[in-house]
Amino acid sequence: MNRRLWPSPQTDKRLGDPLHVVRQSGRPTPSMRPHSPFPSPSPEIPDRSSGEPEGPSLRVEGHLDPLNRTAITGTLTDRAAPGASVRIFLRIGDHTVAETQTRNGSLDGRQVPPGDNFRLSLTSPHVRRRLSRAMTNMLALQPKVDAYLRCQLTDGETIDLVLFEDDEIASGWGQLGFDRRDGRDLFSATPNIPETRSTPKVEIICFYLPQFHPIKENDLWWGPGFTEWTNVARMQKQFPSHNAPWLPADLGFYDLRLTETRRSQAELAKQYGITGFCYYVYWFQGRRLLERPLQLMLEDGEPDMPFCICWANENWSRRWDGSDADLLIGQHHSIDADKRYIDDMAPLLADERYIRVNGKLLILIYRPALIPSRAQLFDHWRQRAYERGLGELLICNVMTFGEYDPAPLGCDAAVEFPPHTAFANELPREAIEAPESYKGTAYDYADVVRSALGRSFAYNYFPGVMPRWDNTPRKGPKGNVFVNSSPDLFEIWLRDACRRALTQPYDRKLVFINSWNEWAEGAHLEPDSIHGRAYLDAVRRVASGTSPLTNFLRNPDAINLLSREELERALRQSLFFNETLGSFIQSTPAGTAKNRRLQPGLPDELEKATSIEGSMLIIDAINHSASPKVAVSQSTQLIVKGVSFVSSDFAARHGRTGILLLRSTTSDTGAHHFVDSWQARADIASEFAGASTDNFFGFECRCDLNDVPLGRYKIHLLEFCENGPCLLASDHIVDIVR
């Protein structure tokens with residue numbers, strides 16, 4: 001990696017000498033010079049060739065990597081104290097917006113490039129907001145804005161180093177992802193685009209677990225200080241593709257007794273388009289558990305967010321599944337005892353934040369089938385609510401254990417609740433390379449999404465989705481896992497659920513997510529150590545009506561700042577969403593690609609094929625999974641959907657033709673297989689309507705695998721262009737299994 005050097009004994013540059021902006025790898029490299037944001041005389045810089053001692057301007061040395069919108073990285077050393085740490089502040093004019101310090105090895109658990117000793121992250125929302133705000137404030141006062149690093153040395157001396165020269169031509173601000181004209185963040189999660197809606201807004205409600213604080217019962221049953229964090233902290237990876245373990249990120253190992261924790265949760269949820277929480281209530285004929293967060297919510301008003309409640313009316317057992325085995329506290333339902341529920345919940349139901357639908361209080365029951373004399377009990381609840389001045393009730397059953405239809409349960413509507421409402425195939429153990437130690441079951445999350453999209457019921461219901469599901473934190477090697485889950489697939493499912501919510505006869509169109517914080521079941525939206533805020537980003541895009549590519553298409557200034565990797569990632573995500581929006585993984589409609597048998601050997605044209613710089617193959621789905629590694633049964637078909645990008649210097653033929661290659665990585669004979677039939681994708685043409693389509697082409701290939709040997713294959717594409725065949729490579733892996 002080439003870097004712009006700060007002064008060192010090996011170079012004749014001085015800190016007082018401005019370094020010109022140079023081009024490197026298609027991007028400018030920042031210039032560096034000592035800087036003070038306040039007018040002052042230029043310091044005297046001695047001539048090093050004269051042998052005079054070096055002045056204070058030469059005290060630091062190092063290099064700075066090319067700027068990007070992710071982080072500022074480089075090396076800085078205090079020559080007077082080489083082993084000492086230097087504090088580094090990113091300053092915009094008079095404003096400090098971020099800080100870090102020099103270290104060796106890794107920074108806060110995040111690796112820096114070899115040779116670097118500091119990393120100043122620019123990705124967090126609050127840093128980008130402060131950057132934009134500081135830049136905007138300074139632009140209001142002067143036409144140019146100084147961006148520099150203030151280096152604070154151990155003896156208190158400070159040295160300021162300019163990041164770049166601010167002028168209309170220099171692209172320093174662009175490299176950081178900001179429009180220098182108005183300080184706008186070109187990659188903001190909430191772009192300044194007026195929102196227009198022709199349909200009612202869908203509101204997103206998340207189930208909320210109040211488990212994250214110690215109680216005396218858990219201390220007795222599980223040990224002192226037990227909370228769900230105990231399970232999460234001991235989670236282990238069970239098989240190679242198991243996406244685990246995870247730990248909480250932004251909010252940490254929180255305690256729900258703290259007002260600050262509950263306030264932070266609500267602020268984060270609102271930021272990403274979530275309307276409210278549905279709190280589980282653990283009520284055992286008058287005895288309550290884990291009630292503290294709800295009581296505190298009434299007392300201190302935090303979180304200030306709409307909410308409703310769901311009575312978790314199962315037994316409390318050691319098996320975590322509501323069964324009678326290893327019973328800790330049982331639900332002893334009776335009409336007389338259960339009548340008290342509505343009175344005990346009255347303070348919550350009377351709160352102004354409580355969610356009403358069609359003017360009625362929304363009450364969920366996890367398993368109403370367990371309640372005897374339900375019709376009589378619910379009539380009593382309605383009467384008591386009326387007598388207490390609470391109003392009418394909308395009683396909903398959660399769709400669990402095959403009990404879906406609300407009518408036989410005496411309820412008004414149902415709430416979808418995956419994984420209970422999920423349909424998925426059990427994956428063969430060899431498909432996930434499961435060791436003998438893993439005794440659980442793995443399911444395909446893509447199957448769940450495929451079965452859920454477009455699904456409807458003959459009764460009133462509120463759609464529900466889950467971001468992922470994995471209860472190995474609780475059950476260890478006996479836990480069940482939904483593999484192949486991803487923010488991409490979750491977003492597709494959530495978009496479809498929002499469309500289905502619009503068909504329901506209610507004034508508020510609600511979609512439920514399981515859940516906000518079910519950390520020990522892997523069904524959490526809160527940021528974690530694996531995905532960060534990726535699932536929340538998916539919720540925000542759905543709630544705001546945007547897709548991953550929306551910002552880029554609406555911000556031409558931004559798309560030119562993306563690296564090839566960033567552009568490819570954004571395109572792949574957007575194409576994957578658009579391909580599935582209307583009929584994701586439904587039965588193949590008429591006119592789509594026909595199945596073809598893969599043929600052994602290689603096409604003759606491959607010998608003349610060349611790889612063209614700037615061309616690429618983007619595969620957005622293999623058998624409806626966004627994962628780069630997919631296992632496909634030999635008895636089924638292979639479906640590959642993607643986009644080919646061909647350099648404009650290697651013009652594509654009119655009509656576009658190509659051959660899909662499966663290149664074996666395991667066969668001793670070196671046999672490869674290919675299919676020479678593909679179908680153009682209308683969704684790709686629609687996505688890029690109005691743009692030049694000469695350089696890209698969306699395709700779909702379907703083929704049978706009956707005659708293909710078991711093994712591992714890489715996917716490539718041979719496309720025929722005006723100048724000859726072009727070979728586009730891919731890193732995607734297909735494991736063909738029995």
Side-chain angles (χ1 to χ4, degrees), residues 197-208 269-270 273-281 294 297 304-311 313 341-368 371 374-400 403-417 421 455-465 494 496-514 516 542-543:
R197 294 184 181 272
S198 57
T199 56
K201 180 180 179 180
V202 175
E203 300 179 68
I204 297 173
I205 311 298
C206 294
F207 284 96
Y208 183 104
K270 291 176 183 177
I274 294 167
T275 301
F277 293 143
C278 180
Y279 295 93
Y280 288 114
V281 171
L294 282 170
M297 180 183 66
D304 184 13
M305 191 169 187
F307 72 93
C308 59
I309 56 175
C310 174
W311 181 16
N313 65 317
Y341 180 77
I342 203 69
D343 290 301
D344 286 358
M345 297 300 111
L348 291 168
L349 300 175
D351 192 277
E352 61 182 6
R353 293 165 290 179
Y354 201 91
I355 295 173
R356 294 177 181 264
V357 177
N358 286 2
K360 302 178 181 181
L361 295 163
L362 184 66
I363 294 181
L364 279 63
I365 305 175
Y366 190 69
R367 298 192 65 182
I371 303 175
R374 292 183 297 275
Q376 182 181 354
L377 176 65
F378 296 162
D379 285 343
H380 172 78
W381 284 5
R382 298 180 197 279
Q383 180 63 29
R384 285 297 296 156
Y386 175 79
E387 292 172 356
R388 298 186 67 116
L390 299 173
E392 297 183 75
L393 307 180
L394 186 70
I395 301 175
C396 300
N397 63 290
V398 178
M399 297 166 68
T400 58
E403 299 154 356
Y404 295 172
D405 190 343
L409 300 172
C411 297
D412 303 309
V415 175
E416 267 191 300
F417 190 77
T421 52
R455 190 179 184 188
S456 62
F457 302 94
Y459 40 81
N460 295 339
Y461 76 104
F462 297 100
V465 300
L494 182 58
D496 182 78
C498 289
R499 287 194 301 275
R500 290 189 289 135
L502 296 174
T503 67
Q504 297 304 300
Y506 300 111
D507 61 346
R508 301 179 71 172
K509 311 299 183 180
L510 306 183
V511 169
F512 284 80
I513 295 179
N514 178 28
W516 173 255
V542 174

Any side-chain heavy atom of C411 sitting closer than 4.5 Å to one from F378?
-> yes
I want to check something: taking the side chain as every heavy atom from C-beta on, are I342 and L349 in contact at a cut-off of under 4.5 Å?
yes
CZ of F457 to OG1 of T503, rounded to nearest 0.5 Å, is 11.0 Å
Test E392 against R382 for side chain to side chain contact (heavy atoms under 4.5 Å, CB included), laying out the working first. CA-CA 7 Å; E392 297 183 75; R382 298 180 197 279; over 6 Å; no
By side-chain hydrogen bond (donor to acceptor under 3.5 Å, both in side chains), Q504 pairs with (sequence neighbours left out) none
> Please walk me through it: do E416 and Y404 pass side chain to side chain contact (heavy atoms under 4.5 Å, CB included)?
Replying inline: CA-CA 8 Å; E416 267 191 300; Y404 295 172; over 6 Å; no
Y341 meets the ring pair (Phe, Tyr, Trp, His ring centres under 6.0 Å) criterion, sequence neighbours left out, with W283, W311, W381
Residue set satisfying ring pair (Phe, Tyr, Trp, His ring centres under 6.0 Å) with Y386, at least two apart, ordered chain then number -> none
Applying side chain to side chain contact (heavy atoms under 4.5 Å, CB included) to Q376 and not counting sequence neighbours gives I335, S373
All heavy atoms of M297 vs all of L348, minimum pair found to be CE-CD2, 4.1 Å
- prompt: Is a side-chain donor or acceptor of D507 paired with a backbone partner of N358 at a separation under 3.5 angstrom?
  reply: yes
d(L502 CG, K201 NZ) to nearest 0.5 Å is 13.0 Å
Taken in chain and number order and not counting sequence neighbours, the residues that satisfy side-chain hydrogen bond (donor to acceptor under 3.5 Å, both in side chains) with Y366 are H420
Does the side chain of I371 reach to within under 4.5 Å of the side chain of I365, using non-hydrogen atoms? yes
### Query
Between F307 and F277, is the gap from one ring center to the other below 6.0 Å?
no
*R500 side chain to R455 backbone, donor-acceptor under 3.5 Å*: yes
Across all chains, not counting sequence neighbours, the ring pair (Phe, Tyr, Trp, His ring centres under 6.0 Å) partners of F207 are Y280, F417, F512
- Quick one: are L510 and V202 in side-chain contact, heavy atoms under 4.5 Å? no
Those residues at least two apart in sequence (or on a different chain) that pass salt bridge (charged side-chain N to carboxylate O under 4.0 Å, His left out) with D351 are R353
Sorted by chain and number, sequence neighbours left out, side chain to side chain contact (heavy atoms under 4.5 Å, CB included) with E387 holds for Q383, R384
Residues at least two apart in sequence or cross-chain that pass salt bridge (charged side-chain N to carboxylate O under 4.0 Å, His left out) with R508, listed by chain then number, are E203
Minimal heavy-atom distance between L362 and C308, with the atoms involved, is O-CB, 3.6 Å
Between I274 and M305 the two heavy atoms that sit nearest each other are O-CE, 3.3 Å
Scanning both residues in full, the closest heavy-atom pair of C278 with C310 reads SG-CB, 3.7 Å
| field | Sub-4.5 Å side-chain heavy-atom contact between R499 and D496 | value | yes
List the steps, then state whether side chain to side chain contact (heavy atoms under 4.5 Å, CB included) holds for N514 with V465. CA-CA 6 Å; N514 178 28; V465 300; over 6 Å; no
### Message
Whether the side chain of Y354 engages the backbone of I309 through a donor-acceptor N/O pair (distance < 3.5 Å, no angle test) should be reported.
### Response
yes
Hits for side chain to side chain contact (heavy atoms under 4.5 Å, CB included) against A385, two or more places apart or cross-chain, chain-then-number order -> L390, L393
The reported gap from CH2 in W516 to CD1 in I204 (rounded to nearest 0.5 angstrom) is 11.5 Å
Shortest non-hydrogen pair, D343 vs R388, comes out as OD1-NH1, 3.0 Å
*Assess the pair Y506 and F462: is the distance between their ring centroids shorter than 6.0 Å?*
yes
Test log, rule side chain to side chain contact (heavy atoms under 4.5 Å, CB included), inputs T275 and I205: CA-CA 6 Å; T275 301; I205 311 298; 4.0 Å; yes
*Do N397 side-chain atoms and P368 backbone N/O form a donor-acceptor pair below 3.5 Å?*
no
Checklist entry - Would you find a donor on one side and an acceptor on the other, under 3.5 Å apart, between the side chain of D412 and the backbone of C396? => result no
